[in-house]
Amino acid sequence: MSLIRPYGDTTGDGMVQLSFTLPIEHSKVAEGAAVQLANKMGMDPALVVHAKPMGEGFTFFVVYGRVNHLVDPSTVEVVERDYPLLTPKEANASIKRSLRRRLTVVGACIGTDAHTVGIDAILNIKGFAGEKGLEYYRELKVVNLGAQVSVPQLVEAAREEKADAVLVSQVVTQRDAHLLNTREMSAAFREAYPAARRPLLVVGGPRFDETMADELGVDRVFSRGTTPGEVASFIVHRLTGPRTPTQEKAS
């Protein structure tokens, strides 16, 4: 695949749009500072197309300009889906055939995160993007703990429910709170469970990098736009597939 350049008005013109906030009152000086920042980031020329005060001492900007950078798609690293997408009927059949019992999923927003939209979209029966949530799956037992659940509470609930999988949603990202909370969670589960008995750990949120699963100590990271069917298919694929030698030894 050949190198590519951003597209704005005409093919290959390198035009991009950038938004950011500066800690400065809105003024001509502030707009000049925004242009200066854009120039230092490689946009030349740069034009402020929108500027709006964001409370006392802050201004939000949208800047439009040209960059000369090229992108090489062949060097991009992504996490490709390595499992088949299943319909609810197929997922139920696989669970029933392989486990001969219902598969238990515990979900929560951990730490101080009170944004339940993400976890509810995956777990609640109403679902997201035209797909029913995991509560719709007959062979799944879903326990939604809601918001602001501490890591010890999550581990305790997983033990009590004998969870096969734990789903955590993180929307709050200030000071990398989503990463810190996820690392704390994975460490707590590693301490609380033998490796072969630990539930499948899945995290998701709009600011997560899907390539960071190993670094965060979880089994899968899902980012924005993930549907309930994708999550359900992953869980079923991982928990009803061939058992590893470690799993066999532990059983």
Are the side chain of D219 and the backbone of L201 linked by a donor-acceptor contact shorter than 3.5 Å?
-> yes

Nearest heavy-atom pair of V236 and S94: which atoms, and what distance?
-> CG1-OG, 3.6 Å

Can you find a side-chain donor-acceptor pair between Q148 and D113 that sits under 3.5 Å?
-> no

Distance col, row T227:OG1 vs K132:NZ, nearest 0.5 angstrom, shows 14.5 Å

Value for CG (L3) from OG1 (T75), rounded to nearest 0.5 Å, stands at 9.0 Å

Are L18 and M54 linked, directly or through other ILVMFWY residues, by side chains that come within less than 4.5 angstrom of each other?
-> no

A121 and P228 have their tightest heavy-atom pair at O-CG, 3.3 Å

Interatomic distance, R138 atom CZ to Y136 atom OH [nearest 0.5 angstrom] = 9.5 Å

Apply side-chain contact (heavy atoms from CB on, under 4.5 Å) to the pair R102 and V142, showing each step before the final yes or no.
-> CA-CA 10 Å; R102 297 178 77 194; V142 176; over 6 Å; no

From E31 CD over to T59 OG1, what is the distance, rounded to the nearest 0.5 angstrom?
-> 8.5 Å

Are more than 12 heavy atoms from other residues, nucleotides or ligands located less than 6.0 Å from atom CD of E156?
-> no

Sidechain N-carboxylate O distance under 4.0 Å for E139, R101 | no

Nearest heavy-atom contact between V166 and F189 is CG2-CZ, 3.9 Å

Working for side-chain contact (heavy atoms from CB on, under 4.5 Å), residues M41 and L37 | CA-CA 6 Å; M41 297 175 69; L37 175 63; 4.0 Å; yes

Between S186 (side chain) and L216 (backbone), is there a donor-acceptor pair under 3.5 Å?
-> yes

Could you tell me whether a side-chain N or O of Q17 sits under 3.5 Å from a main-chain N or O of Y64, the two making a donor and an acceptor?
-> no

Do the non-hydrogen side-chain atoms of R220 and V79 ever get within less than 4.5 Å of each other?
-> yes

Honestly curious: do I122 and V203 fall in one hydrophobic cluster under the side-chain, below-4.5 Å linking rule?
-> no

Are side-chain heavy atoms of F234 and L200 found at a separation under 4.5 Å?
-> yes

Compare all side-chain heavy atoms of L145 with those of Q153 and state whether any distance is below 4.5 angstrom.
-> no

Given the side-chain rings of H178 and F208, with only the six-membered ring counted for Trp, is the space between their centroids under 6.0 Å?
-> yes

In this structure, CZ of R5 is separated from CE of M15 (nearest 0.5 Å) by 12.5 Å

Are the charged groups of D82 and R238 less than 4.0 angstrom apart, N to O?
-> no

Does D13 use its side chain to pair, donor to acceptor, with the backbone of T10 at less than 3.5 Å?
-> yes

May I ask you to check whether E230 and S233 show a side-chain donor-acceptor distance below 3.5 Å?
-> no

Do you know the tightest heavy-atom contact between L180 and R175?
-> CD1-O, 3.9 Å

For H115, does the NE2 atom have more than 12 heavy-atom neighbours from other residues, nucleotides or ligands under 6.0 Å away?
-> no

Nearest heavy-atom contact between M43 and N39 is O-ND2, 2.7 Å

P199 vs Y193 side-chain heavy atoms within contact, under 4.5 Å = yes

Taking NZ, NE, NH1 and NH2 as the nitrogens, is one of them in R183 or E215 under 4.0 Å from a carboxylate oxygen of the other?
-> yes

Cluster link V143 to I119, ILVMFWY, side chain under 4.5 Å = no

Check: E191 side chain, A188 main-chain N or O, donor-acceptor pair, under 3.5 Å = no

Please examine the side chains of I110 and L154, heavy atoms only from C-beta on, and report whether any two atoms are closer than 4.5 Å.
-> yes

Closest approach of A30 and I24, non-hydrogen atoms and distance?
-> CB-CG2, 3.8 Å

Joint cluster assignment, V221 & V151, ILVMFWY side-chain distance < 4.5 Å | yes

E135 side chain near L140 side chain, heavy-atom distance below 4.5 Å = no

Please walk me through it: do K141 and E161 pass salt bridge (charged side-chain N to carboxylate O under 4.0 Å, His left out)?
-> CA-CA 9 Å; K141 176 186 176 183; E161 298 292 343; 2.8 Å; yes

Which distance, rounded to the nearest 0.5 Å, do you find between the CG of D209 and the CD of E77?
-> 10.0 Å

Contact check, side chains of V49 and V63, non-hydrogen atoms, under 4.5 Å = no

Kindly indicate, with the supporting measurements, whether the criterion side-chain contact (heavy atoms from CB on, under 4.5 Å) is fulfilled by F61 and T21.
-> CA-CA 6 Å; F61 298 95; T21 300; over 6 Å; no

Is there a chain of hydrophobic side chains (I, L, V, M, F, W, Y, each step under 4.5 Å between heavy atoms) that links V106 to L123?
-> no

E25 vs E56, side-chain contact (heavy atoms from CB on, under 4.5 Å): CA-CA, chis, key distance, verdict | CA-CA 7 Å; E25 292 283 355; E56 186 176 349; 3.6 Å; yes

D9 atom CG, neighbour heavy-atom count above 12 within 6.0 Å = yes

Side-chain contact, heavy-atom cut-off 4.5 Å: I235 with L134?
-> yes

